[in-house]
Amino acid sequence: MTGKTNTKFIRNLIILILIFAAGVLVGGKNPGILDNLDSNRTTQNSSLPNRLDYSGVEEVYSKLRANFDGQLDQKKLEDGLKQGLVNAAGDPYTEYLNAQDTKDFNDELNGTFEGIGAELGKKDQSIVIVSPIAGFPAAKAGLKPKDVISDINGQSAFDISISEAVQKIRGPKGSKVKLGVIRDGKKLEFSITRAKITVPSVSEKVVGGVGVIKIIRFGDDTVNLARKYANDLNSKHVKGVVLDLRGNPGGLLDAAVGVSSLWLDKGDTVLQEKRGGIVEKTYFAEGNPVLGGIPTVVLIDAGSASASEITAGALHDNGVATLIGTKSYGKGSVQEVLNLDDGGELKVTVARWYTPKGRNIDKEGIKPDKTVKFTQADSKAGRDPQQDAAIQNLK
């Protein structure tokens, strides 16, 4: 994804990830993730003590160890402490990942994992589908963005973390997972066969003289692949370019900046990070706009989140692209990934991002210039009215 860039007492959450079990890229990785940039920034929490009082925790542990009827696992208890501490922050995108979760997270961001091919997010206390990846089990089974997962293999999915949901949904290729889903107030049941998901983050094609660049996540390979395809389309003298960000849950913030730079002049604003309403950092285009000046349409939908929204907002606000499709997801917070001594990672929300014109996308999403829907009937018939509208607009 998502949301790098850029589990909670036995886990809680972040909108990146489930392309794994279901899809990111938390978010991704989720949506809006910074590279590992530990810093001594001043925050409203600077007045808190440097160390917490763990005497109460030790008391709980002592009584649990002395009285619990069952076998306790020291590592799980320690992970639970960390997860519970982070969970207490009350932010859905701030999360502790242990060493195994960290490995899974990075594998997913790089596009290789075994699962159903969909990213999960969290809304209130429910696990939701951010985006099923086209061509993979979740999408083929009929899962849609904003479907609420009510149960996994018969067990309630209410008030569990994204990481927990990922662990339950992910599994060896060929095995099945059963999901109960709430959509428009109705309960639906899905039995989905897991598969190995290995996908480059970018693909390219030419339709009727128009180049189409499809980005499914913003990962480590995204900028190089996108620039390669941009150069290829340029050499073919295409009439225009469609940047397809539909179903893209996000990923690395730096990748969003790099992709935006294919259209924007050096120094153009890509986004602003704000903490407490104050601009802390502005990201600028890096130069060498291979596609600068070429008419462009960006396709977005309810599965376009985080880094996708950053890119769409940057190109739109700088006047180099028209937006077509449906309103995007609305994930406007930025997570910083911090390495931990135990091999795990802490993903922590450090800021909110705003488009060049100062629009806050968090919970609101980005509205297209032209709304064009893509229905289940269109999918079954092999039609793509959104892409058709984009190409027609460019012609």
Side-chain angles (χ1 to χ4, degrees), residues 1 25 110-111 133-136 198-248 250-252 254-268 270 284-301 303-304 307-325 328 368-370 372 374 378-379 381-395:
M1 103 233 132
L25 299 240
N110 291 328
I133 302 174
F136 291 98
T198 302
V199 226
S201 65
V202 188
S203 61
E204 167 225 22
K205 61 183 178 181
V206 176
V207 181
V210 172
V212 179
I213 297 176
K214 170 72 174 177
I215 301 179
I216 64 169
R217 70 180 179 279
F218 286 84
D220 291 330
D221 63 342
T222 302
V223 176
N224 287 337
L225 284 174
R227 185 167 292 278
K228 172 188 173 183
Y229 292 138
N231 283 319
D232 182 54
L233 293 176
N234 222 342
S235 68
K236 293 176 180 177
H237 305 293
V238 294
K239 303 172 184 176
V241 174
V242 175
L243 176 60
D244 189 348
L245 299 179
R246 293 175 296 176
N248 183 325
L252 298 176
D254 286 351
V257 174
V259 169
S260 300
S261 298
L262 297 176
W263 281 267
L264 302 179
D265 291 328
K266 185 177 179 63
D268 285 347
V270 176
F284 300 101
E286 300 163 347
N288 192 18
V290 178
L291 299 175
I294 298 179
T296 299
V297 169
V298 180
L299 292 178
I300 57 174
D301 65 7
S304 305
S308 293
E309 294 171 296
I310 288 173
T311 302
L315 299 188
H316 184 268
D317 281 10
N318 279 287
V320 301
T322 299
L323 305 184
I324 289 179
S328 64
D369 297 302
K370 181 178 181 180
V372 179
F374 186 101
D378 291 323
S379 179
R383 299 187 297 261
D384 191 342
Q386 294 173 331
Q387 180 177 283
D388 292 344
I391 293 173
Q392 185 59 40
N393 179 279
L394 292 168
K395 289 184 176 180

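Remark: side-chain polar atoms of Asp369 are paired, donor with acceptor, to backbone N or O of Leu323 under 3.5 angstrom. Ser304 places a side-chain N or O within donor-acceptor distance of the main-chain N or O of Leu245, the cut-off being under 3.5 Å. With hydrogens and angles disregarded, no donor-acceptor distance shorter than 3.5 Å links the side chain of Asn231 to the backbone of Val290. Side-chain N or O atoms of Asn318 include none that pairs as donor or acceptor with a backbone N or O of Val320 at under 3.5 Å. No donor-acceptor distance shorter than 3.5 angstrom exists from the side chain of Ser260 to the backbone of Val270, with no hydrogens or angles considered.
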- Give the intermediate values and the outcome of salt bridge (charged side-chain N to carboxylate O under 4.0 Å, His left out) for residues Lys236 and Asp232. CA-CA 6 Å; Lys236 293 176 180 177; Asp232 182 54; 3.1 Å; yes
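Considering every non-hydrogen atom in both Ala321 and Val298, the closest pair reads CB-CG2, 3.8 Å. Scanning both residues, Pro200 and Leu225, for their nearest heavy atoms gives CB-CD1, 4.2 Å. Across all non-hydrogen atoms, the minimal contact from Gly219 to Ala255 is O-CB, 3.9 Å. Scanning both residues, Val242 and Ala390, for their nearest heavy atoms gives CG2-CB, 3.8 Å.
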Only distances under 3.5 Å count here; give the side-chain donor-acceptor pairs of residues 201-216 to other protein atoms, sequence neighbours excluded, each with its distance to 0.1 Å.
{"unit_1": "Ser201", "atom_1": "OG", "unit_2": "Asp221", "atom_2": "OD1", "d": "2.8"}
{"unit_1": "Ser201", "atom_1": "OG", "unit_2": "Thr222", "atom_2": "OG1", "d": "2.8"}
{"unit_1": "Lys214", "atom_1": "NZ", "unit_2": "Arg246", "atom_2": "O", "d": "2.7"}

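Asp317 contributes atom CG, which lies 10.5 Å from atom CG of Leu264 (distance to the nearest 0.5 angstrom). Within the model, atoms CG of Asp254 and OG of Ser261 stand 10.5 Å from one another, a figure rounded to the nearest 0.5 Å. Separation of atoms CG (Asp384) and CG (Asp378) is listed at 8.0 Å; rounding is to 0.5 Å. Within the model, atoms CG of Asn288 and CG of Asp265 stand 10.5 Å from one another, a figure rounded to the nearest 0.5 Å. Of the inter-residue distances, the one linking Gln387 atom CD with Leu299 atom CG reads 7.0 Å to the nearest 0.5 angstrom. If you take CG on Asp388 and CZ on Phe374, they are separated by 9.5 Å, rounding to the nearest 0.5 Å.
Inter-residue side-chain proximity for Lys370 and Thr322 is flagged as unmet; no heavy-atom pair is nearer than 4.5 Å. Counting only heavy atoms from C-beta outward, the side chains of Val241 and Trp263 approach each other to under 4.5 Å.
Put simply, the residue from Ile300, Thr311, Val297 that forms a side chain to side chain contact (heavy atoms under 4.5 Å, CB included) with Leu243 is Thr311.
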